[in-house]
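Following: one structure in structure tokens, then a few remarks.
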Amino acid sequence: MPKPQIPETLAPDLLERLRARFHPWPLISDWGLTIESVEPGQAVMVLQPTKAVINGTRGTVNGGVLATIADMVSALALSTAFDGAMPFATSDLHIRYLEPARGEVRGEAQVVRISGRSGILACRLTCGDHLVAHSTANFAIKPGIGG
């Protein structure tokens, strides 16, 4: 099978197919998390924080939620090489920087490298102009999918 590649263009219905699959997912259905856009090798998700993701009286978004968003938006960006499918055996997320986030969180991920066995991605989470998290992720592609 040929090595996975980031395509030059995406299927016109890919964004809607991804939204239909992930927006009702029980883990995130009450978070206020939406897929804003996907482009070849890139994805953007936005969190409008709800009570389910806020740390009590501090009013900040839970750090575990921020890490989950980074992992998810990275997976979405990599999925553009597979027409929205997610043939990943595992992901190894490394949070390089994390601080409290108050308010809307925007997650942007981009494929840095893709091979027959893995995809490396970089992700930034921001609140307005303020960086609140930076991560890298290594996704292992299931055997037989890549070249």
When rounded to the nearest 0.5 angstrom, what is the spacing between NZ in Lys142 and CZ in Phe82? 10.5 Å
Minimum-distance pair of heavy atoms, taken over all atoms of Ile141 and Ser115: CD1-O, 3.5 Å
Taking C-beta and beyond as the side chain, do Val44 and Arg106 meet within less than 4.5 Å on heavy atoms? yes
Check Ser91 against Asp71 and note the closest heavy-atom contact, atom names and distance. OG-OD1, 3.1 Å
Does the side-chain contact (heavy atoms from CB on, under 4.5 Å) test come out yes or no for Glu108 and Val73, once each step is laid out? CA-CA 7 Å; Glu108 299 180 27; Val73 73; over 6 Å; no
Say you draw a straight line from CG of Asn55 to CG of Asn62; how long is it, rounded to the nearest 0.5 Å? 4.5 Å
Would Ile120 and Leu125 show up in the same hydrophobic cluster when neighbours are defined by side-chain heavy atoms closer than 4.5 Å? no
Quick one: are Ser118 and Arg113 in side-chain contact, heavy atoms under 4.5 Å? yes
Membership question, hydrophobic clusters at under 4.5 Å side-chain separation (ILVMFWY): are Val46 and Ile54 in the same one? no
Is there side-chain contact between Phe22 and Met45, with heavy atoms separated by less than 4.5 Å? no
Spatial distance of atom OG (Ser37) from atom CG (Leu14) [nearest 0.5 Å]: 11.0 Å
Using a cut-off of 6.0 Å, state whether more than 12 heavy atoms not belonging to Arg58 lie near its atom CZ. no
Interatomic distance, Met72 atom CE to Leu27 atom CG [nearest 0.5 angstrom]: 7.0 Å
Would a hydrophobic clustering, with Ile, Leu, Val, Met, Phe, Trp and Tyr connected at side-chain separations under 4.5 Å, put Trp25 with Val65? yes
Of all the heavy-atom pairs spanning Gly103 and Val61, show the shortest one and how long it is. O-CG2, 4.3 Å
Side-chain donor/acceptor of Asp13 to backbone N/O of Glu16, under 3.5 Å: no
Do the non-hydrogen side-chain atoms of Gln48 and Thr34 ever get within less than 4.5 Å of each other? no
Give the minimum heavy-atom separation between Ala109 and Ala77, together with the two atoms involved. O-CB, 3.8 Å
Minimum heavy-atom distance between Gly41 and Ile6, given as atom pair plus value: N-CG2, 3.4 Å
Please examine the side chains of Met86 and Leu76, heavy atoms only from C-beta on, and report whether any two atoms are closer than 4.5 Å. yes
Identify the heavy atoms of Cys127 and Val132 that sit nearest to each other, and give their distance. SG-CG1, 4.1 Å
Looking at Gly84, is its backbone amide N or carbonyl O close enough to the side chain of Arg21 to form a donor-acceptor pair, meaning the two atoms are under 3.5 Å apart? yes
Is there a side-chain contact (heavy atoms from CB on, under 4.5 Å) between Ile35 and His23? Walk through the geometry before answering. CA-CA 8 Å; Ile35 301 169; His23 286 179; 3.8 Å; yes
Return the OG1 to CG distance between Thr136 and Asp92, rounded to the nearest 0.5 Å. 8.0 Å
Quick one, Pro40 and Thr9 - any side-chain contact, counting heavy atoms below 4.5 Å? no
Please identify each residue that fulfils ring-ring contact (aromatic ring centres under 6.0 Å, His included) with Phe88, with sequence neighbours left out. Phe139
Sorted by first residue and then second, give each salt bridge (Lys or Arg N to Asp or Glu O under 4.0 Å) pair with at least one member in residues 124-136; sequence neighbours left out. none
Any side-chain heavy-atom pair of Gln5 and Ile114 under 4.5 Å: no
To the nearest 0.5 Å, what is the distance between OG1 (Thr68) and CH2 (Trp31)? 4.5 Å
Could you work out, with salt bridge (Lys or Arg N to Asp or Glu O under 4.0 Å) as the rule, every residue matching Glu104, not counting sequence neighbours? none
Using modelled atom types and a 3.5 Å cut-off, is there a donor and acceptor pairing between side-chain atoms of Arg19 and backbone atoms of Glu36? yes
